[in-house]
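Everything on this sheet refers to the single structure shown next.
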Amino acid sequence: MSHSSLYYLCTMYTREQASFIKQKFWTTLGQFLALQPSAEGLKVNWLNYKTGLKHVYFRMDADKNSAYIGIEMHHPDLGIQELFYEQFLEFKPLLNSLMEEEWEWELHGLDERSGKTISRIYHTQQGFNVFNENHWADIIRFLSPRMITLDSFWADAKYSFDALKG
């Protein structure tokens with residue numbers, strides 16, 4: 001957790017209150033998404049999406065300033081992490097087309113949560129505050145269609161990663 005996030009939590013909410021609010025938001029989002037089958041027609045846990053690739057995750061997050069969605073590559077071997085990233089680069093036109101927007105691409109950046117080097121493809125929207133329930137509908141409208149589209153993208157792209165399964 002960043003210093004500014006910790007400061008915000010200390011001045012506005014106790015750690016327990018902040019945790020409760022975020023848990024309530026994620027439960028609400030999970031209930032909303034539970035109604036949506038995967039691109040392959042299956043029931044899926046959208047909040048803990050399984051890509052089938054070790055060290056490759058679809059992540060969503062929201063804090064006091066923004067909402068975030070991304071594909072994260074956490075492989076501890078940076079060379080293999082880079083291979084995953086390069087494989088995703090092959091699909092950049094498809095991802096951009098499906099998302100109808102450009103996402104940020106970052107090779108070997110710092111994950112603030114873990115302090116480890118990760119690569120990621122992501123989109124962030126500023127102006128959302130997960131601690132304000134009046135923003136929840138907007139955050140859900142930001143995250144939900146992108147997560148569903150990531151699933152659709154993955155239904156087409158995942159087989160090209162079979163050689164990198166290890």
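Along the sequence shown, residues carry numbers from 1.
In this structure, His135 has no ring pair (Phe, Tyr, Trp, His ring centres under 6.0 Å) partners at least two apart in sequence or on a different chain. Residues that satisfy the salt bridge (Lys or Arg N to Asp or Glu O under 4.0 Å) test with Glu100, not counting sequence neighbours, are absent from this structure. Take His74 and apply the side-chain hydrogen bond (donor to acceptor under 3.5 Å, both in side chains) test, not counting sequence neighbours, and it matches Glu72. Partners of Glu16 by salt bridge (Lys or Arg N to Asp or Glu O under 4.0 Å), not counting sequence neighbours: none found. Listed by chain and residue number, Phe25, Thr28, Leu29, Phe32, Ser144 satisfy the side chain to side chain contact (heavy atoms under 4.5 Å, CB included) test with Ile140 (two or more places apart in sequence, or in another chain). Under the side chain to side chain contact (heavy atoms under 4.5 Å, CB included) criterion, Asn134 pairs with Asn132, not counting sequence neighbours. Asp156 is linked by a salt bridge (Lys or Arg N to Asp or Glu O under 4.0 Å) to nothing, counting only residues two or more places apart in sequence or in another chain. In this view, Trp136 satisfies the side-chain hydrogen bond (donor to acceptor under 3.5 Å, both in side chains) rule with no residue, not counting sequence neighbours. When the side chain to side chain contact (heavy atoms under 4.5 Å, CB included) test is applied to Ala34, no partner is found at least two apart in sequence or on another chain.
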Result block: side-chain N/O donor-acceptor pairs under 3.5 angstrom for residues 83-98, not counting sequence neighbours:
residue	atom	partner	partner atom	Å
Gln87	NE2	Ser160	O	3.4
Asn96	ND2	Glu102	OE2	3.3

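Connection of Leu107 to Leu53 is established within a shared hydrophobic cluster, with ILVMFWY side chains joined at heavy-atom distances below 4.5 Å, either directly or through further cluster members. Linking Ile, Leu, Val, Met, Phe, Trp and Tyr residues whenever their side-chain heavy atoms come within less than 4.5 Å leaves Met60 and Ile118 in two separate clusters. Note on Phe142: it clusters hydrophobically with Ile21, by side-chain heavy-atom contacts below 4.5 Å among ILVMFWY residues.
For the ring-ring contact (aromatic ring centres under 6.0 Å, His included) with Tyr122, the lone residue among Trp105, Tyr68, Trp103 that qualifies is Tyr68.
Screening residues 19-43 for salt bridge (charged side-chain N to carboxylate O under 4.0 Å, His left out) gives Lys22-Asp61, Lys24-Glu133, Glu40-Lys158 as the qualifying pairs, with residues at least two apart or on separate chains. For residues 76-85, no pair satisfies salt bridge (charged side-chain N to carboxylate O under 4.0 Å, His left out), with sequence neighbours left out.
For the pair Arg120 and Glu104, the salt-bridge criterion is not met [side-chain N within less than 4.0 Å of a carboxylate O].
Minimum interatomic distance between Ala67 and Ile139 (heavy atoms only, all atoms of both residues): CB-CG2, 4.1 Å. Taking each heavy atom of Trp46 and Ile148 in turn, the nearest pair found is CZ3-CA, 4.0 Å.
Side-chain contact between Met99 and Leu150: present, with at least one pair of heavy atoms (C-beta onward) separated by less than 4.5 Å.
Between atom CG of residue Leu33 and atom CD of residue Gln31 there is a gap of 10.5 Å, rounded to the nearest 0.5 Å.
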